[in-house]
Amino acid sequence: MQKYIDILNKNGLLKIIDTPCDIDLEIAHLSYIEVKKDSSKALLFTHPTDKNGKKFDPVLTNTFGSFEALNLILGKDSNEIAKEIQGLLKPKKPTTIKEKLDFFSKLFSLKSALPKRLSSRGQCQEIAQNEPNLYDLPILKTWEEDGGAFITMGQVYTKDLNSNTQNLGMYRLQVHSKNELGMHWQIHKDAAHFFHEYKKAGVKMPVTVAIGGDPLYIWCGQAPLPKNIFELMLYGFIRKTPAKLVKSLTNDIFIPHDADYVIEGFVDTNRLKDEGKFGDHTGFYTPVEPFPVMEVTKITHKKNPIFHATVVGKPPLEDKYMGYATERIFMPLLQTTVPELIDYKMPENGVFHNLILAKFKECYPAQATQMMHAFWGVGQMSFVKHAIFVPETAPNLDDYANLTRYILNKFSPKSMLISSGVCDQLDHASPNSCFGGKLGIDASIDFEPETVNLLSDDELLAKFKSINKNLLEVKQHFTDTKNPICFVKFDKDKLVKSVFDELCKFKEHFKILIFVDSDARLNNLYMLVWRVTNNIDALRDIFINDEQICVDATRKHEWEGYTRGWPKETNCTRQVVEKLIKKGLLERDEQLFEKFEIFG
């Protein structure tokens, strides 16, 4: 880890915080706000403490906090790695002696992708605790209502019951006691599949968690590789040198020799314990649920370790940059399933699995619909809730304003495909855990929509209030298109659908109505995208009346049939932010605070 800290520092991408900061909220809040800045930096906290004054080893956050840092960690641009993968998937037939030698050289170099197991101890095992005590590690508490402190950058290494096939995943890990960690692996993860094998066999499952070392390990841990492919093979492919692994001291799991910390143990497959709640990358708290528990048998570390952590919550955060690399590097693999795919984008304010934009080469009618089903059937793409497909003539996918206008000028209810399928276990909008509604939009067909008889926001609101006084505010966006989007702030006193049905008496004045709660900011499109894509289930929350569409992106309540318990948003604690400002560690930037709804 120290090597990459030096690299970040040399390139002006590191901020060193020598002022003591509390591992309870302070470090997390400062990191959360820093990564939202235009020129964000990694933060190295040299004097972490707790409320009792206990001192800890240094903590590093926001390692992947910019595109510059991402490229330095990868050692190259993400698109270069994608080209290498594409060259292997679709190799050009060599014709000259030089091309043949280059081709065989490329194949030969793949041997570096295979991790190398060392017989000696690693740097990660220089010091071993006599008795494992997780409370000696600077594990952060991020949000005020979190169930406790969580390891957020843990590399979780597991293995198949019947072979030496290892897996690397990245899961949140709650500290239950000095020697117990909660294992929040979702039901679709490889580690969860391994868990069920061990449970069926009636034996404990070995698990080792590594923290720190080369930060590329972390990115590989969240990479959407096919099942039974050890993620550190991708590390070797990118680094052009194999990952060097050493055996854990108390189980048979192999971990990187250069990790800063190693936490070893076993999971009793007959034991579950409530985990959470926890503010997650969706920007909402996930509920308390039972998950497996790792019984820690050994903790080792380097002589001068640095604890690696990240912060999750409302976008944009560190996962914006990690997700960009995943998006670019894995496009060639996605194109093997969807050959007509030209490009795709996962906007960070759609928290990745909630929204995907795709551009394709149109070859035949209904092709976009076919591609939607293909996406929803491929690996982690199957968890995507909302997908918009545009033809190659559309603006660039990251030109959000012009792309939106392009779509709205062609859009009709006929453009929509509403379906159902699996969804991320963290999704709170669906009526059921792990499956719910999906929406696909085909923007390759111009349905030549009619224009709207626009009114001003005040005039439209006056008409709406004549129907329901709890309609507090309206704001129309993209009024220069044939399908303006009208956001409606609603202090909900009845079903949105019934209000929409009544408002349709004014339908010549609107096309798309999106209802949001009274605490939403109607001028903040970035956060509105985050709010809407999180809060809707397409099967339940989209209503159509002729050419008019209504989207219910409000909180759902038990009185309207929602029984799962709607979660709170992750908001910073004002007192903590004020304390950081008073310490001189944070600038009072009200514009930034409002832009990203820091306090809700």
Side-chain angles (χ1 to χ4, degrees), residues 169 184-193 196 222-227 280-282 284 286-287 289 323 326-327 330-331 333-341 344-347 349-360 366-390 407 413-444 529-544 549 551-553 556 561-564 566-567:
H184 187 105
W185 45 53
Q186 297 174 38
I187 59 173
H188 56 273
K189 299 294 186 180
D190 286 345
H193 298 153
H196 292 297
Q222 55 81 57
L225 286 171
K227 191 176 180 181
D280 219 302
H281 77 281
T282 59
F284 289 84
T286 52
E289 291 182 302
T326 302
E327 170 190 293
F330 282 88
M331 187 163 75
L333 287 173
L334 193 55
Q335 287 171 321
T336 62
T337 301
V338 190
E340 295 80 18
L341 180 68
Y344 78 110
K345 183 81 178 172
M346 298 183 291
N349 52 338
V351 294
F352 307 105
H353 61 262
N354 280 345
L355 176 64
I356 189 169
L357 310 172
K359 181 180 282 192
F360 69 102
Q367 186 175 358
T369 303
Q370 181 194 34
M371 293 178 70
M372 290 174 199
H373 289 297
F375 266 61
W376 288 330
V378 177
Q380 292 192 25
M381 283 291 174
S382 62
F383 301 107
V384 171
K385 286 174 67 177
H386 312 107
I388 303 176
F389 287 78
V390 299
I407 294 166
K414 298 169 189 167
S415 307
M416 300 193 304
L417 169 68
I418 296 177
S419 182
S420 65
V422 298
C423 63
D424 193 283
Q425 194 168 354
L426 302 178
D427 179 71
H428 63 265
S430 60
N432 315 285
S433 177
C434 301
F435 68 95
K438 293 178 178 289
L439 169 67
I441 294 177
D442 178 1
S444 66
V529 169
W530 164 77
R531 191 174 298 279
V532 172
T533 57
N534 259 305
N535 283 358
I536 69 170
D537 177 273
L539 279 172
R540 180 194 61 211
D541 296 327
I542 296 178
F543 317 110
I544 300 171
I549 296 171
V551 178
D552 178 5
K556 309 305 183 293
Y562 182 88
T563 58
R564 296 180 62 195
W566 199 264

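Remember, it's a predicted structure, so these values are computed and weren't measured experimentally. Only heavy atoms go into these numbers, but all of them, side chains included; no hydrogens, no water, no symmetry mates.
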From CH2 (Trp566) to NE2 (His428), nearest 0.5 Å: 4.0 Å

Approximate separation, where rounding is to 0.5 Å, of Leu439 CG and Ser420 OG: 12.5 Å

Under 3.5 Å donor-acceptor, Glu327 side chain and Lys345 backbone: no

From CD1 (Ile356) to CG (Leu334), nearest 0.5 Å: 7.0 Å

Side-chain touch Leu426/His184, heavy atoms, less than 4.5 angstrom: yes

Reported SG-to-CZ distance for the pair Cys434 and Phe383, which is rounded to 0.5 angstrom: 8.0 Å

Residue pair His353 / His281, side-chain heavy-atom distance below 4.5 Å: yes

side-chain contact (heavy atoms from CB on, under 4.5 Å) evaluation trace for Trp376 with Val422: CA-CA 9 Å; Trp376 288 330; Val422 298; over 6 Å; no

Aromatic ring pairing Phe284/Trp530, orientation class (parallel under 30°, perpendicular over 60°, tilted between): parallel

Worked verdict on Ile542 versus Ile549 for side-chain contact (heavy atoms from CB on, under 4.5 Å): CA-CA 7 Å; Ile542 296 178; Ile549 296 171; 4.2 Å; yes

Heavy-atom closest contact (Val338 atom, Met371 atom, distance): CG1-CE, 3.0 Å

Closest contact, heavy atoms only, Phe352 versus Gly323: CE2-CA, 4.1 Å

NZ/NE/NH1/NH2 to OD/OE distance under 4.0 Å, Asp541 and Lys556: yes

Student check: side-chain heavy atoms of Arg564 and Pro431 closer than 4.5 Å: no

Minimal non-hydrogen separation, Asp552 against Ile536, with atom names: O-CG2, 3.4 Å

Heavy-atom side-chain proximity of Leu539 to Ile418 below 4.5 angstrom: yes

Point-to-point distance, once rounded to the nearest 0.5 Å, from CD of Gln380 to OG1 of Thr326: 8.5 Å

Approximate separation, where rounding is to 0.5 Å, of Asp442 CG and Gln370 CD: 12.0 Å

Any donor-acceptor pair under 3.5 Å from Arg540 side chain to Ala429 backbone: yes

pair Thr533-Lys385: side-chain heavy atoms closer than 4.5 Å: no

Between Asn432 and Ser430, a side-chain donor and acceptor under 3.5 Å: no

Asn354 side chain reached by Asn534 side chain, heavy atoms, under 4.5 Å: yes

Side-chain donor or acceptor of Lys438 paired with backbone N/O of Leu417 under 3.5 Å: no

For the student: nearest non-hydrogen atoms of Gln335 and Leu341, plus distance: NE2-O, 3.0 Å

Side chains of Asp427 and Thr282 in contact at under 4.5 Å (non-hydrogen atoms): no

Minimum side-chain heavy-atom gap Gln367-Ser444 below 4.5 Å: no

